Amino acid sequence: MSLDPAARALVRSDCYIDGAWVASAARFAVTDPATDLVLAEVPDLDAAAVERAIAAATAAFPAWRARSAYDRAAVLAGMAARMRQEKDGLAALITAENGKPLAEAAGEVAYAASFLEWFAGEAVRVYGETVPASSVGQRIEVQRAPVGPCALITPWNFPAAMLTRKLGPALAVGCTVVCKPAEATPLTTLALAGFAHDLGVPPGVINVVTGDGARIGGQLVGSLAMRKVSFTGSTAVGRSIARVCAETTRRVSLELGGNAPFVVLDDADLDRALAGALVAKFRNAGQSCVAANRFIVQRPVAQAFTDRLAAAAAALVVGDGRAPGVSIGPLVDRRAVAKVRRLVEDALARGARLVTGTLPADDARWIGPIVLAEITGEMAVWREEIFGPVVAIRACDGDDEAIALANDTDAGLVAYVFGRDPGRLRRVTAALEVGMVGVNEGLVSTAQAPFGGIKASGLGREGSHHGLEDYTDLKYVMERVAW
Ligand code: SIN
């Protein structure tokens, strides 16, 4: 299928630096994962161009921070309104470069716009404090100051929402940004830069650079002018970013991998658990940090839950995300399919039982839902983030074992718990080593709540009023007001 005309109208194939569209002789192709067709060729920027983007963000910072919070809020609200106006084209663009089904892409547009709307509201509520001083005649004021120009490095799995969750708070408090989208999905970010340009956002406030992730990301992270780096992606890359930022005492926020437990207690409403499992597992074909990775099901309901989930999974339609009724699109690339294949083969070789699904051919773009039971702790599928539509089920006895299994991972992003008894749910929830918990809920992501993890899953929070904190420094002013 070719690119939808509304999406085509949003395609920008140059970078956006200092308020202008910047071409480059070196380019790389952005392809549609469902068809391998080339959607556009965008710049593989050289170091000098990236440096110009950093310089533009640096130069624009004083004037942007000096604007009133109401002005900055209006810019965010304007961008969100434009996103909603162009929702069909944007959704089609997301589906074209990422592969997710159109309905999910439309959901992502609304989710992404909601971050800009939320932070437009928060921009005018960045409060300071006054603190009683120990001496008469002194006044202590605590202000929140923007950290400065920021590097925003975003992944391919939610190309709109992962950008706006960073861009919203950054612009709200007065930071300027250089955005570096993933190579697989730069077109959504460039389209949003186009909206900012049309709205008259001052040159340099938002810059978008595209190209080789390691090289350009490394340049941004290594630049002392970037006073903060916000990164969503793998734990390995996040740790290397954190090392560079630590050596140069600069701020960093990391939203890294998860290995989410999905706990089904023996008193759970299985209809609700099933509905939660379908969204927690199959949203974006399982390519999400908050995807349920390890299903931990108490033995009395294990068989019934497995059978029901296997039947529901087998009924999901796999195909091109633009086709009606499809709920699982292609994985982002063939490397992703090969990884999922390796995990499934490893589990089967170690004794897992295949309940439903088939392994794809070696060069496949798609992988249909697979349900595995009798998972053990030695299997790679238990230890690693699957990032694909594979359900791995392990039966357990009692709440203590469910908790121990849920915490048996370095990751600590999110957990899901299904059950009826409120006291039991609270006890289990309290013991889970994660930053977020869905209780009888399979989707926790929302602009009003702090998104983020503990342990190896990252540092800092995005969304909610806490999402502003990482973009501001406290500045305390001691003032003598009488003498
Ligand atoms: C992610 O996968 O990194 C985030 C998904 C979400 O916001 O729900």
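Note that the coordinates shown come from a computational prediction; the quantities given were computed from them, not determined experimentally. Numbering of ligands and ligand atoms starts at 1, following listing order.
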Evaluation steps, side-chain hydrogen bond (donor to acceptor under 3.5 Å, both in side chains), between E97 and T188: CA-CA 8 Å; E97 64 175 352; T188 305; 2.5 Å; yes
Ring pair (Phe, Tyr, Trp, His ring centres under 6.0 Å) partners for F387, two or more places apart: W156
L171: which of W64, Y471, F119 passes side chain to side chain contact (heavy atoms under 4.5 Å, CB included): W64
N259 and W382: side chain donor to acceptor below 3.5 Å: no
Among V263, T429, V444, the one residue meeting side chain to side chain contact (heavy atoms under 4.5 Å, CB included) with V439: T429
Polar contact flag, side-chain donor to acceptor under 3.5 angstrom, E462-S253: no
Show me the short polar-atom pairs for ligand 1: any N or O of it lying under 3.5 Å from a protein N or O, with distances only.
unit_1	atom_1	unit_2	atom_2	d
ligand 1	2 (O)	N157	ND2	3.1
ligand 1	2 (O)	S288	OG	3.2
ligand 1	2 (O)	C289	N	2.8
ligand 1	3 (O)	E255	OE1	3.1
ligand 1	7 (O)	Y111	OH	2.7
ligand 1	7 (O)	R165	NH1	2.9
ligand 1	8 (O)	R283	NH1	2.9
ligand 1	8 (O)	R283	NH2	3.0
ligand 1	8 (O)	S445	OG	2.5

